[in-house]
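Structure first, commentary second.
To find a chain, count down the sequence lines: A is the first, B the second, and so on, and within it residues start at 1.
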2 protein chains.
Amino acid sequence: MLRVSKLTDYATVILTHIAHQPDELHAASDITQDTGVALPTVSKVLKLLAKANILISYRGSKGGYALANKPNETNVAEVITAIEGPIGMTECTTSDGTCEQESSCEIKGNWNLINRAVYTALEAVTLADMVAPVRQQAVTVGLPTVTKSNDLNVEN
Amino acid sequence: MLRVSKLTDYATVILTHIAHQPDELHAASDITQDTGVALPTVSKVLKLLAKANILISYRGSKGGYALANKPNETNVAEVITAIEGPIGMTECTTSDGTCEQESSCEIKGNWNLINRAVYTALEAVTLADMVAPVRQQAVTVGLPTVTKSNDLNVEN
DNA sequence: CTAATATAGTACTAAAATAGTCCTATATAA
DNA sequence: TTATATAGGACTATTTTAGTACTATATTAG
């Protein structure tokens with residue numbers, strides 16, 4: 001199954017929470033209470049997001065985290081990259097030379113194409129979209145413009 | 001890093017190889033030699049692809065595998081699903097009820113949107129595209145039509 | 001200047017997913 | 001009947017991920 005890690009999932013939950021009050025400072029302990037995610041885990045995620053400049057951190061008493069940019073300026077691709085590293089669906093996409101078959105591999109270029117397509121899709125969704133309640137929302141990505149209906153199942 | 005498993009990567013290599021001679025039968029042992037992937041692994045992948053009706057298998061002496069459909073009728077989304085199971089980026093997308101936060105989770109619907117966008121991107125690339133050498137190829141997916149240039153790096 | 005609070009960084013452990021291998025059964029052709 | 005090739009399932013080792021803990025540093029308040 002093609003999936004993001006749990007930490008990335010937490011990251012979106014946490015960011016969505018913060019984005020609801022974009023002008024306030026949020027301490028890790030507050031976020032734990034509001035989201036139900038364990039404190040050490042919240043802490044870890046927040047650090048990663050700060051390191052990637054998605055959040056700004058303030059130390060010390062009365063410290064906490066705030067969004068570095070407006071909700072519509074941070075997209076899902078950035079969040080995934082912050083937690084999991086560069087988005088690349090195969091080994092050869094992110095690190096050269098580690099694949100033995102590389103020299104004779106004829107499909108590397110095509111995987112790059114696929115990556116690009118996926119990345120574009122992820123880039124099109126911002127935090128602002130995540131904050132918004134699920135609505136009849138056109139995803140402006142993909143061949144046929146997809147219109148959201150409830151609980152669409154992506155398989156088959 | 002958002003990625004497909006190695007087995008899925010092998011699957012695309014193997015399928016690409018088979019698609020070069022779509023009218024011949026390919027035994028697992030032949031494929032091992034031509035691709036450099038270990039026999040037990042090749043074998044495992046072929047079984048999974050056959051089970052998903054992407055390949056047709058013929059047992060016995062002179063047996064082997066062949067494509068069930070034309071190269072342009074099998075897409076990457078199907079291949080990923082065959083090897084890894086349903087494509088869904090978060091737990092709640094593929095299996096209901098296992099996430100404790102589900103009832104209070106406000107972003108589930110939005111993950112469904114993202115899944116849909118990614119799936120559409122993966123669906124747009126077929127085996128026929130993989131067989132073709134990397135060429136100046138427009139990916140008909142994503143907002144701006146992406147034109148392939150060499151070694152585009154998907155990050156930042 | 002000191003104490004309290006909150007993040008930064010790093011290292012470690014446990015659990016889960018993945019990869020890879022092997023064995024036995026079944027089907028087909030010569 | 002024998003050789004060949006896939007089907008299916010079980011098992012092990014490896015790798016990745018998740019989660020935790022500890023120490024250092026920065027900031028505010030008194």
OP1 or OP2 of dA18(D) less than 4.0 angstrom from a side-chain nitrogen or oxygen of Ser5(A), does that happen here?
-> yes

Rounded interatomic separation in angstrom, taking CD from Glu84(A) and P from dA17(C) | 15 Å

Interface with DNA chain D, restricted to residues 56-65 of chain A and to heavy atoms under 4.0 Å = Arg59(A), Gly60(A), Ser61(A)

Consider only side-chain N and O atoms of Thr32(A) and Ser29(A), and report whether a donor and an acceptor are under 3.5 Å apart.
-> no

Take the protein atom NZ of Lys6(B) and the nucleotide atom C1' of dT21(C), then report the distance between them rounded to whole Å.
-> 15 Å

Should Tyr10(B) be listed as having a side-chain N or O under 4.0 Å from OP1 or OP2 of dG20(C)?
-> yes

Interatomic spacing from CG in Leu15(A) to CD in Glu78(A) - rounded to 0.5 Å = 10.5 Å

Look at all strands and tell whether Lys51(B) reaches a base, only sugar-phosphate, or nothing, counting heavy atoms closer than 4.0 Å.
-> nothing

What heavy-atom pair brings Met89(A) and Leu2(A) nearest, and what distance separates the two atoms?
-> SD-CD1, 4.1 Å

Starting from C1' on dT18(C), measure out to CG on Leu2(A) and report it in whole angstrom.
-> 15 Å

Taking DNA chain D as the partner, which of residues 13-31 of chain A come within under 4.0 angstrom of it by heavy atom?
-> none

Between the main-chain N or O of Thr12(A) and the side-chain N or O of Thr16(A), is there a donor-acceptor pair closer than 3.5 Å?
-> yes

Atom CG of Leu48(A) and atom C1' of dT17(D) are separated, to the nearest Å, by 13 Å

Specify the separation, in whole Å, of atom NZ of Lys44(B) and atom P of dT12(D).
-> 14 Å

dT16(D) P sits how many Å from Arg3(A) CZ, rounded?
-> 17 Å

Rounded to the nearest 0.5 Å, what's the gap from CZ on Arg3(A) to CD1 on Ile87(B)? Could you check?
-> 12.5 Å

In a table with atom names and distances, give each donor-acceptor pair under 3.5 Å that connects a side chain of residues 44-69 of chain A to protein atoms at least two apart or in another chain.
none

Pick base, sugar-phosphate or nothing for Leu7(A), based on heavy-atom distances below 4.0 Å to the nucleic acid.
-> sugar-phosphate

So, does Asp129(A) use its side chain to make a donor-acceptor pair with the main chain of Val125(A) at under 3.5 Å?
-> no

Output yes when a side-chain donor or acceptor of Asn115(A) lies under 3.5 Å from a complementary backbone atom of Trp111(A), and no otherwise.
-> yes

Heavy-atom nearest nucleotide on DNA chain C taken for Leu46(A) and for Val4(B); more 5' hit belongs to Leu46(A)

Test item: Thr41(B) side-chain N/O and Val37(B) main-chain N/O as donor-acceptor pair under 3.5 Å | no

For Asp9(B) and dT18(C), what is the distance between atoms CG and P respectively, to the nearest whole Å?
-> 15 Å

When rounded to whole Å, the CD1 to P distance for the pair Ile54(A) and dT7(C) reads 17 Å

Reckon Lys47(B) touches a base, only the sugar-phosphate, or nothing at all at heavy-atom distances under 4.0 Å?
-> base

